[in-house]
Q: 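Below you'll find the structure I mean.
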Amino acid sequence: MKLGNKRIGVAMTGSFCTFAKAIGKIEDLVEEGAKVQTIFSDAAQVIDSRFGKAKDFVSKVTEITGQEPMRTIEQAEVIGPTACFDLVVILPCTGNTMAKLANGITDTPVLMAAKAHLRNGKPLLISMATNDAMGMNFRNIGHLFNCKNVYFVPFGQDDPIKKPNSMIAETDLLIPAMLEALKGRQIQPVIGNWKMQGKK
């Protein structure tokens with residue numbers, strides 16, 4: 001198995017339209033032998049949307065991983081001193097979370113998890129889903145690309161006509177991106193991967 005016994009933190013933020021796909025990827029990680037612990041942002045664990053109820057998402061990932069999610073800043077803070085993960089992926093990662101991460105803000109469990117994990121010099125992988133990647137968040141993405149131990153799942157424009165600023169990660173490349181990040185490398189190409197072409 002590609003991720004046999006790797007300790008993976010999956011931090012979920014409030015891009016609710018991508019939750020179903022994210023849950024599928026968590027299932028893939030478990031099937032690949034990873035020991036998965038989820039971390040929920042404040043929004044992700046309480047906001048109900050047209051894509052489903054928050055409690056149902058929390059219940060589903062608990063069932064898949066066999067672990068109760070980390071839900072508080074206090075719970076996430078222990079990631080630093082315990083060095084409990086080999087890799088943390090923010091899946092999905094909203095523009096709001098990227099902006100705060102780029103500016104050193106740690107006011108949610110996910111952001112605390114990212115800060116605590118990076119303290120240990122281990123890889124943080126970002127699987128973005130944001131409507132303003134090429135707008136207000138463009139500079140934050142550029143900043144994160146230049147941060148040590150921060151890596152990205154390849155991404156591209158998901159609807160360049162109707163939402164020209166929107167970008168989303170190609171989550172089919174999540175596991176290959178993880179394997180590269182665990183070796184200290186950014187998977188290539190990052191932007192405009194051929195798999196994104198023609199997707200709506």
Side-chain angles (χ1 to χ4, degrees), residues 1-15 18-42 44-45 57-94 97-98 100-101 104 106-129 144-145 147-155 169-187 190:
M1 292 185 284
K2 294 178 181 178
L3 294 168
N5 295 318
K6 291 295 183 183
R7 302 165 301 164
I8 305 295
V10 178
M12 303 185 73
T13 68
S15 177
T18 62
F19 266 28
K21 184 178 285 189
I23 288 172
K25 295 305 169 185
I26 292 171
E27 289 177 324
D28 290 347
L29 295 177
V30 172
E31 288 176 5
E32 287 295 340
K35 297 178 179 178
V36 179
Q37 168 71 60
T38 54
I39 306 108
F40 274 76
S41 72
D42 297 322
Q45 63 184 289
F57 289 124
V58 173
S59 176
K60 183 63 175 177
V61 299
T62 302
E63 177 187 337
I64 294 167
T65 64
Q67 301 288 334
E68 283 288 334
M70 292 181 174
R71 299 171 182 248
T72 67
I73 289 175
E74 290 82 1
Q75 288 175 323
E77 191 275 335
V78 303
I79 293 169
T82 61
C84 55
F85 297 128
D86 296 302
L87 178 147
V88 169
V89 57
I90 306 179
L91 169 76
C93 187
T94 61
T97 295
M98 284 191 289
K100 289 182 175 183
L101 183 62
T106 54
D107 63 351
T108 73
V110 166
L111 289 161
M112 177 55 75
K115 173 187 174 182
H117 180 69
L118 285 170
R119 144 184 168 173
N120 295 318
K122 295 182 179 181
L124 174 70
L125 185 63
I126 294 174
S127 181
M128 76 166 68
L144 290 169
F145 260 104
C147 291
K148 186 176 181 181
N149 296 319
V150 176
Y151 304 93
F152 283 79
V153 176
F155 55 88
E170 178 50 78
T171 52
D172 285 347
L173 297 174
L174 176 65
I175 291 176
M178 283 184 168
L179 295 173
E180 288 297 289
L182 285 164
K183 297 174 184 176
R185 299 195 298 247
Q186 171 63 55
I187 192 172
V190 185

Q: Is there a donor-acceptor contact under 3.5 Å from the side chain of T13 to the main chain of P92?
A: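 Judged by distance alone, yes, a pair lies under 3.5 Å.
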Q: Looking at CG of L174 and CD1 of I26, how far apart are the two atoms once the value is rounded to the nearest 0.5 Å?
A: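 So the CG of L174 and the CD1 of I26 are separated by 9.5 Å.
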Q: Nearest 0.5 Å, please: how far is NZ in K25 from CG in L173?
A: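 It is 8.5 Å, given to the nearest 0.5 Å.
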Q: Walk me through whether E27 and K60 qualify under side chain to side chain contact (heavy atoms under 4.5 Å, CB included).
A: CA-CA 10 Å; E27 289 177 324; K60 183 63 175 177; 4.1 Å; yes
Q: Closest heavy-atom contact between F40 and T38?
A: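 Nearest pair, atom of F40 first, then T38: CE1-OG1, 4.0 Å.
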Q: Is it the case that the side chain of S41 and the backbone of A44 share a donor-acceptor pair, with hydrogens and angles ignored and the cut-off at 3.5 Å?
A: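 A pair under 3.5 Å: yes.
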Q: Mind telling me whether F57 and F19 have parallel, tilted or perpendicular rings, with 30° and 60° as the class edges?
A: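 F19 and F57: perpendicular rings.
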Q: Return the CG to SG distance between L124 and C93, rounded to the nearest 0.5 Å.
A: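 Here the rounded value is 8.0 Å.
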Q: Between Q67 (side chain) and V36 (backbone), is there a donor-acceptor pair under 3.5 Å?
A: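 Side chain of Q67 to backbone of V36, a donor-acceptor pair under 3.5 Å: no, none is there.
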Q: Checking the side chain of T65 only, and the main-chain atoms of V61 only, is there a donor and an acceptor separated by less than 3.5 Å?
A: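 Looks like yes, one N/O pair under 3.5 Å.
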Q: State the OG1-CE distance between T97 and M128, to the nearest 0.5 angstrom.
A: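 Going from OG1 on T97 over to CE on M128, the span is 12.0 Å.
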Q: Answer yes or no: is there a side-chain heavy-atom contact under 4.5 Å between I39 and F85?
A: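 I39 reaches F85 side chain to side chain.
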Q: If only atom types and distance count, is the side chain of Q75 paired as donor or acceptor with the main-chain N or O of R71 below 3.5 Å?
A: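 Yes; at least one donor-acceptor contact below 3.5 Å.
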Q: Roughly how far apart are I79 CD1 and R7 CZ, rounded to 0.5 Å?
A: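 Result: 11.0 Å between the selected atoms.
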Q: Using the side chain to side chain contact (heavy atoms under 4.5 Å, CB included) rule, take V110 and L101 through it: C-alpha gap first, then chi angles, then the decisive distance, then the call.
A: CA-CA 10 Å; V110 166; L101 183 62; over 6 Å; no
Q: Under the side chain to side chain contact (heavy atoms under 4.5 Å, CB included) rule, what do C84 and V78 come out as? Steps first, then yes or no, please.
A: CA-CA 8 Å; C84 55; V78 303; 5.7 Å; no
Q: To the nearest 0.5 Å, how far apart are CG in L182 and CG in L87?
A: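 Separation between the atoms: 5.0 Å.
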Q: Is there side-chain contact between V150 and I126, with at least one heavy-atom pair below 4.5 Å?
A: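 Yes. Closest side-chain heavy atoms under 4.5 Å.
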Q: Measure from the side-chain N and O atoms of Q37 to the backbone N and O of E68, and report whether any donor-acceptor pair falls under 3.5 Å.
A: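 A pair under 3.5 Å: yes.
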Q: May I have the step-by-step check of side chain to side chain contact (heavy atoms under 4.5 Å, CB included) for L179 and L3, ending in yes or no?
A: CA-CA 8 Å; L179 295 173; L3 294 168; 3.8 Å; yes
Q: For T171 and S127, work out which heavy atoms get closest and say how close.
A: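 Minimum heavy-atom contact is CG2-OG, 3.7 Å.
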Q: Hey, is NZ on K6 packed in by over 12 heavy atoms from elsewhere, all under 6.0 Å?
A: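 No.
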Q: Inspect the surroundings of NZ in K122 and state if more than 12 heavy atoms from other residues, nucleotides or ligands are less than 6.0 Å away.
A: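 Check passes, neighbour count above 12.
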Q: Indicate the atoms forming the closest heavy-atom contact of M70 with A76, along with that distance.
A: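 Looks like SD-CA, 4.1 Å.
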Q: Could you tell me which non-hydrogen atom of S15 sits nearest to which non-hydrogen atom of T94, and how far apart they are?
A: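 Shortest heavy-atom contact: N-CG2, 3.5 Å.
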Q: Which pair of non-hydrogen atoms, one from A116 and one from E77, has the smallest distance, and what is that distance?
A: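 Where A116 meets E77 most closely, the heavy atoms are CB-O, 4.0 Å.
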Q: Locate the shortest heavy-atom distance separating P123 from Y151; write the atom from each residue and the value.
A: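 Closest pair (atom of P123, atom of Y151, distance): CB-CE1, 3.7 Å.
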